[in-house]
Amino acid sequence: MPNEFTRRVRDVIRSIPRGKVASYGQVAASAGDSRQARQVAWILHSSSEKAGLPWHRVVGSRGKISLVPSRGGREQRRLLESEGVRFDRSGTIDLGKYGWNPAGIKISVLARLDLDKLTED
DNA sequence: CCTATGACAGACA
DNA sequence: GTGTCTGCCATAG
C-alpha cells in the first residue's frame with residue numbers, strides 16, 4: 001500500500017494541467033518534502049504507482065526529460081508535444097512558458113524570494 | 001547491517 | 001553552454 005507521501009505525490013501530479021510541466025523537486029515540495037525529489041522519481045519508476053497519472057508532465061529541474069529516449073523518453077516527448085509543449089533544438093522545455101506555477105506567482109518574484117532559504121529554519 | 005542504485009538538484013569549475 | 005561533484009534518502013539485494 002502506498003504511504004502518505006506517495007498518495008500526496010500522486011495528487012500533485014494529477015493536478016498538473018495539460019500543456020504544463022513540473023519538476024521532480026517541485027512535485028516533492030508540493031507533496032510536503034522538498035528533499036524527496038529522488039523519491040518522486042522512484043515512485044514514477046515503479047510502474048504500479050504511476051497508473052493513470054500524467055507522468056509525462058514531470059521533468060528535470062532544468063527543463064529536460066530525464067528518461068533515456070529508448071526507455072520512455074521518446075514517448076514522454078511525444079505526449080508533451082501532443083499537448084502543445086515545445087522543445088528547443090537541444091531538447092529543452094522553456095519552463096518560463098510551460099512550467100507549472102500553482103500559486104500563480106510571477107517568476108521574477110519567486111526568484112527574489114529564494115523560498116528554500118526562507119523555509120530552512 | 002552494509003553497499004549500491006536512481007526518471008534528482010544545486011553548486012561549482 | 002558542458003561536465004563533475006556532493007548531498008540526499010527510500011529501495012533493493
Side-chain angles (χ1 to χ4, degrees):
Chain A
M1 279 296 283
N3 59 30
E4 177 67 18
F5 182 72
T6 300
R7 283 195 297 274
R8 289 190 185 191
V9 165
R10 286 194 318 215
D11 288 342
V12 171
I13 294 177
R14 262 196 290 271
S15 61
I16 306 173
R18 268 181 66 87
K20 294 288 183 181
V21 297
S23 72
Y24 299 86
Q26 185 183 357
V27 170
S30 298
D33 191 340
S34 59
R35 298 171 301 181
Q36 299 293 1
R38 307 195 78 157
Q39 189 58 17
V40 172
W42 187 270
I43 290 168
L44 294 183
H45 181 73
S46 68
S47 53
S48 59
E49 298 293 351
K50 76 176 185 190
L53 294 179
W55 58 270
H56 56 284
R57 296 181 189 144
V58 185
V59 300
S61 65
R62 293 147 179 105
K64 295 179 78 168
I65 287 176
S66 296
L67 279 162
V68 180
S70 60
R71 288 175 33 190
R74 261 190 300 273
E75 172 74 350
Q76 181 171 14
R77 175 163 179 163
R78 190 184 65 72
L79 287 167
L80 286 174
E81 286 180 324
S82 75
E83 300 185 346
V85 175
R86 311 290 299 281
F87 290 75
D88 72 8
R89 146 174 50 211
S90 64
T92 304
I93 299 166
D94 183 342
L95 293 180
K97 277 184 192 159
Y98 305 106
W100 181 42
N101 187 239
I105 302 172
K106 288 190 164 85
I107 300 295
S108 56
V109 177
L110 270 179
R112 282 162 29 113
L113 282 179
D114 200 349
L115 292 183
D116 273 354
K117 288 201 165 69
L118 279 178
T119 54
E120 220 165 59
D121 316 279

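Throughout, protein chains are lettered first and strands after them, A, B, ... in sequence-line order, and every chain is numbered starting at 1. What you see below is based on every heavy atom in this structure, not just the backbone, and it leaves out hydrogens, waters and symmetry mates.
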(request) Please work out which residues in residues 83-91 of chain A have a non-hydrogen atom less than 4.0 Å from an atom of DNA chain B and list them by number. (result)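 None - not one residue of the stretch has a heavy atom sitting under 4.0 Å from the strand.
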(request) Tell me which residues in residues 15-30 of chain A put a heavy atom below 4.0 Å from DNA chain B, sorted by number, or none. (result)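 DNA chain B contact set from residues 15-30 of chain A: Ser23(A), Tyr24(A), Gly25(A).
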(message) Under the side-chain hydrogen bond (donor to acceptor under 3.5 Å, both in side chains) definition, can you give me all pairs with a residue in residues 16-32 of chain A, not counting sequence neighbours?
(response)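 Those involving residues 16-32 of chain A do not exist here.
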(request) Output every pair passing side-chain hydrogen bond (donor to acceptor under 3.5 Å, both in side chains) with a member in residues 85-95 of chain A, not counting sequence neighbours, ordered by first then second residue. (result)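 As it turns out, the side-chain hydrogen bond (donor to acceptor under 3.5 Å, both in side chains) pairs with a partner in residues 85-95 of chain A, which skip direct neighbours, are Asp88(A)-Ser90(A), Ser90(A)-Thr92(A).
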(message) Tell me every residue that passes ring-ring contact (aromatic ring centres under 6.0 Å, His included) with Trp100(A), counting only those two or more places apart in sequence or in another chain.
(response)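 Residues passing ring-ring contact (aromatic ring centres under 6.0 Å, His included) with Trp100(A): none at all.
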(message) Under the salt bridge (charged side-chain N to carboxylate O under 4.0 Å, His left out) definition, can you give me all pairs with a residue in residues 22-41 of chain A, not counting sequence neighbours?
(response)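 Non-adjacent pairs meeting salt bridge (charged side-chain N to carboxylate O under 4.0 Å, His left out): Asp33(A)-Arg35(A).
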(request) Quick one: which residue pairs count as a salt bridge (charged side-chain N to carboxylate O under 4.0 Å, His left out) with a foot in residues 55-74 of chain A, not counting sequence neighbours? (result)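 Counting only pairs at least two positions apart or across chains, the salt bridge (charged side-chain N to carboxylate O under 4.0 Å, His left out) contacts touching residues 55-74 of chain A are Arg57(A)-Glu83(A).
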(message) For residues Phe5(A) and Val27(A): do they belong to one hydrophobic cluster (side chain heavy atoms under 4.5 Å, members Ile, Leu, Val, Met, Phe, Trp, Tyr)?
(response)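 Linked, Phe5(A) and Val27(A) end up in one cluster.
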(message) Assigning hydrophobic clusters by single linkage (Ile, Leu, Val, Met, Phe, Trp, Tyr; side-chain heavy-atom cutoff under 4.5 Å), is Ile65(A) placed with Trp42(A)?
(response)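 Per the 4.5 Å side-chain linkage, Ile65(A) and Trp42(A) are not co-clustered.
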(message) Whole angstroms only, please: what is the CD1-C1' distance between Ile43(A) and dC8(B)?
(response)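 From Ile43(A) CD1 to dC8(B) C1': 13 Å.
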(message) Taking the side chain as everything from C-beta on, heavy atoms only, tell me whether Val12(A) gets closer than 4.5 Å to Val40(A).
(response)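 No, side chains not in contact.
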Between protein and nucleic acid, restricted to nucleotides 3-6 of chain B and to nitrogen or oxygen atoms under 3.5 Å apart, what atom pairs and distances do you find?
residue	atom	partner	partner atom	Å
dG6(B)	N9	Arg38(A)	NH2	3.3
dG6(B)	N7	Arg38(A)	NH2	3.2

(message) Using the side chain to side chain contact (heavy atoms under 4.5 Å, CB included) criterion, which residues pair with Ala29(A)? Sequence neighbours excluded.
(response)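 Partners of Ala29(A) by the side chain to side chain contact (heavy atoms under 4.5 Å, CB included) criterion, ordered by chain and then number, come out as Ser34(A).
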(request) Report the residue (Arg62(A) or Gln36(A)) whose heavy-atom-nearest nucleotide on DNA chain C is the more 5′ of the two. (result)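 On the 5' side of the pair lies Arg62(A).
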(request) Taking only the side-chain nitrogens and oxygens of Ser61(A), find out if one of them lies under 4.0 Å from OP1 or OP2 of dC8(B). (result)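 It does not, given that no N or O in the side chain of Ser61(A) lies less than 4.0 Å from OP1 or OP2 of dC8(B).
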(message) For the CZ atom of Arg8(A) and the OG1 atom of Thr6(A), what is their distance to the nearest 0.5 Å?
(response)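 Answer rounded to 0.5 Å: 11.5 Å.
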(request) Quick one: pull up CG in Leu53(A) and CD1 in Ile16(A) and give me the separation to the nearest 0.5 Å. (result)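 Atom-to-atom, Leu53(A):CG and Ile16(A):CD1 are 9.0 Å apart.
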(message) For Glu4(A), is there an ion pair with Arg7(A) - N to carboxylate O distance below 4.0 angstrom?
(response)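 A salt bridge is present here (some side-chain N lies under 4.0 Å from a carboxylate O).
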(message) Whether Asp11(A) and Arg14(A) form a salt bridge (side-chain N of Lys/Arg under 4.0 Å from carboxylate O of Asp/Glu) is what I want to check.
(response)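 Looking at Asp11(A) together with Arg14(A), the answer is yes, because their closest N to O distance falls below 4.0 Å.
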(message) Let's test your reading of the pairing rules: Watson-Crick or G-U wobble, both distances under 3.5 Å, then write DNA chain B as a dot-bracket string with ( ), [ ], | and dots.
(response) .|||||.||||||
(message) Need two values: the first and the last nucleotide of DNA chain C, 5' to 3', having an atom under 4.0 Å from any heavy-atom of chain A.
(response)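 So the contact region on DNA chain C extends dG7(C) to dA12(C).
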(request) Return the minimal non-hydrogen interatomic distance between Ala37(A) and Ala28(A), and the atom names on each side. (result)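 The pair with the smallest heavy-atom distance is N-CB, 3.7 Å.
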(request) Give the C-alpha distance, both sets of side-chain angles, the deciding distance and a yes or no for side chain to side chain contact (heavy atoms under 4.5 Å, CB included) between Trp55(A) and Leu67(A). (result) CA-CA 11 Å; Trp55(A) 58 270; Leu67(A) 279 162; 3.9 Å; yes
